Number of protein chains: 2
Amino acid sequence: MYLSSLAELALGSRLKALSDHFYGAADEVYRACNAQIESRWFPVLRYLWENGPSTVGDVASAIGQTHSAVSQLADKLVRAGMLRRKRDPADGRRSVLTLTDKANRSLSGLGLIWCSIRRGAVAALGSEGEKLLSALAACEKALQERPIVDTILAEHAALSSAPLEIVPYEPVLAGHFYRLNAQWLQRHFQLEEIDRQMLSDPERYVLAPGGVLLFARLGGEVIGTCALLQESPGVYELSKMCVDETFRGLGAGRQLLDGVIAEFHRRGGKELFLESNSRLKTALRMYEQAGFVMQPGTRAGSHYERADVYMIYAPPTASVRKKARKS
Amino acid sequence: MYLSSLAELALGSRLKALSDHFYGAADEVYRACNAQIESRWFPVLRYLWENGPSTVGDVASAIGQTHSAVSQLADKLVRAGMLRRKRDPADGRRSVLTLTDKANRSLSGLGLIWCSIRRGAVAALGSEGEKLLSALAACEKALQERPIVDTILAEHAALSSAPLEIVPYEPVLAGHFYRLNAQWLQRHFQLEEIDRQMLSDPERYVLAPGGVLLFARLGGEVIGTCALLQESPGVYELSKMCVDETFRGLGAGRQLLDGVIAEFHRRGGKELFLESNSRLKTALRMYEQAGFVMQPGTRAGSHYERADVYMIYAPPTASVRKKARKS
DNA sequence: AGTGATTATGTTAGTGCTTACATAATTACT
DNA sequence: AGTAATTATGTAAGCACTAACATAATCACT
């Protein structure tokens, strides 16, 4: 499912969906068993059943709803004949909710159904159900203790001020090379065999032939990578450039590109080219800004199925480059 | 929190609450960062951003919403200037949603915020967040594969046809006496040494001194137990009453209680008391309904640390009892 | 006793979603 | 080609809840 791939970002949506699912399931069961009750009534009725007559506010805070919600639900339950509402003689502001005899009768016949729901949930969800419950409880507690918004904003401040570093390859980063590339390649194209090889063993396929591998790091996280491959003496290919989708737009791509070009110059390379795909508009624009020039046709003897764009680096003069940097 | 105590039964409510919490948190963050976006828009916008122009139906099924929801949300996004809607020339039924330039600009500036949300969520929730995510994914999968309603109804059918029996102690049941008591004692209190002794050897500590031990059995499962201990000639204590959590609400507790009281009468006992804890509201109410009366203070020379409630059985007259049974 | 703050609840308008229905375009089949 | 089924979407009404406000009772304090 697409939403799952968004992990924390779509937690709200997924929890809502699961919540609706459970409400719906409970209602189906109630209907099938001819119980005169709806799933949304459960918290209020159960609370009153266990704790006896209570005020609107008590119920609301116990079941974690607003007083309005309880008040409106109480209206509905009164209409359904499950509740009586009366003023507290000791405190005229309070409205005391009391279960009617009908409600007591309905509820006491419901033990079997509730038990079935509990057991059915355990049976259907297995140990995952327990894990969900315990994780849920832990999260509720954590959120109550520490406001998540503050934590996020603190992260945001930290990230905003965190320096974007471009660092050369180290063995511990090998895994990121695969992860970052596979992530987007799989989405947009196929992962070709030649990719898999190179991504799995950069030391052999990138460094050993005289290439360079750079990574972009932001506040501890490795968010992008780019390789400079030596095809033949003095002839280099810019390749495997990518930035984690969640970190696009931070300029990491541009810095990686500049880093690789700088390496190319440092080695006194004669030619620098790249192959890409015409669909990747944003990337192509960036290549052009960095000094690459579109070539007609594709490069002879390309390794890639997906390549339909061929560009060569044509370093502009100093004055022109200055202008390009600005934009 | 009260809802937590309902475990599986209030899953829907709790998930909804957590969902709303996350939506609200995301919106606060967006506002604080001046992002021109709302949390509810996220799944649609993000999907379009990653997958390019898509039809209403595609988006809906990808993000797990109804087509109506997406259609309405699309209206709103069009009004907000984030989306364009146009007919698919190849298939006139389809309405293709495309991000506007404004949306693309907004979204590409959002990488930092999304990253902060992910990292903030991880920081605030710790490992529980991961557990929640994995349990969530597992539950989504389980529910898709096996409809939970059927499982519940099967449980219900099985339970409905099984008779609830109250049976006296037999040696094969000794293990259940320990299991049932230890289960809830450990959750709510400590297992005291006096408990361990009695639970391990009911023949010696319950039956030999002239007491009785009853069990509730539903279908093949032993789901509850209750002991009548003879403290001194004619003076009895009701003790060790408990019902398996997954079988609460079936009336097993009440039947055990009635069974023990009947035994007390059969033996012509003079006094029947119990000790309990004020936290156990449901149990206390049941004791009261059965004829126990709350005593001030605790019983002199109580064996238990946890006892802070002392009740004595004061059998009502026959006519009053009849009335009480009804309610 | 009188004043202002607080508390408990009810009420209204609005949001995000659902279900049920309506409509138009496409496909399947004779 | 012509009809019926299917598909893709839009629309209306309704539900559960919220936020914001209104109201009345109570409390705290002089």
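In this text the structure is predicted, and so the values were computed from the model without any measurement. Every chain is numbered from 1, with letters handed out A, B, ... down the list of sequences.
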Is there a side-chain contact between [X] and the phosphate of [N], meaning an N or O under 4.0 Å from OP1 or OP2?
X	N	answer
Arg85(B)	dG10(D)	yes
Ser95(B)	dT9(D)	no
Thr66(A)	dT18(D)	yes
Ser68(A)	dT18(D)	no
Gln65(A)	dT18(D)	yes
Thr55(A)	dT9(C)	yes

Any donor-acceptor N/O pair, [X] side chain to [Y] backbone, under 3.5 Å:
X	Y	answer
Asp88(B)	Ser95(B)	no
Ser116(A)	Leu112(A)	yes
Asp27(A)	Ser39(A)	yes

Whole-Å distance between [N] [atom2] and [X] [atom1]?
X	N	atom1	atom2	value
His67(B)	dT23(C)	NE2	P	14 Å
Asp91(A)	dT26(D)	CG	P	5 Å
Arg94(B)	dA25(C)	CZ	C1'	11 Å
Arg40(B)	dC17(D)	CZ	P	13 Å
Lys16(B)	dC17(C)	NZ	P	10 Å
Leu77(A)	dC17(D)	CG	P	11 Å
Lys86(A)	dA8(C)	NZ	C1'	18 Å
Lys76(B)	dG10(D)	NZ	C1'	16 Å

Sugar-phosphate, base or nothing in reach of Ala90(B), heavy atoms under 4.0 Å: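 Sugar-phosphate contact only - Ala90(B) comes under 4.0 Å of backbone atoms but never of a base.
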Interface with DNA chain D, restricted to residues 18-31 of chain B and to heavy atoms under 4.0 Å: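 Those residues: none at all.
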Base dT9(C) to side chain Gln72(A), donor-acceptor N/O within 3.5 Å cut-off: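 No.
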Base of dT9(D) paired with side chain of Arg93(B) (donor-acceptor, under 3.5 Å):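 Under the 3.5 Å cut-off, the side chain and the base do not form any donor-acceptor pair.
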Carboxylate-amine/guanidinium proximity below 4.0 Å for Arg85(B) and Asp75(B):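 Salt bridge between Arg85(B) and Asp75(B), a charged N being under 4.0 Å from a carboxylate O: yes.
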Residue met sooner reading DNA chain D from 5', once Pro89(A) and Leu73(A) are mapped to nucleotides: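 Result: Leu73(A).
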Any Val56(A) side-chain heavy atom under 4.5 Å of Leu97(A) side chain: yes
Candidates dC17(D), dT11(D), dG10(D) - which lies nearest the side chain of Arg87(B): dG10(D)
Earlier contact from the 5' end, DNA chain C, for Trp41(B) and Gly57(A):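 Counting from the 5' end, the first nearest nucleotide belongs to Gly57(A).
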Leu280(B) to Ser276(B) - nearest heavy-atom pair and separation: CD1-OG, 3.7 Å
Pair Asp58(B)-Thr55(B), side-chain donor/acceptor within less than 3.5 Å: yes
Pairwise side-chain hydrogen bond (donor to acceptor under 3.5 Å, both in side chains) hits with a residue in residues 126-138 of chain B, at least two apart: Glu128(B)-Lys131(B)
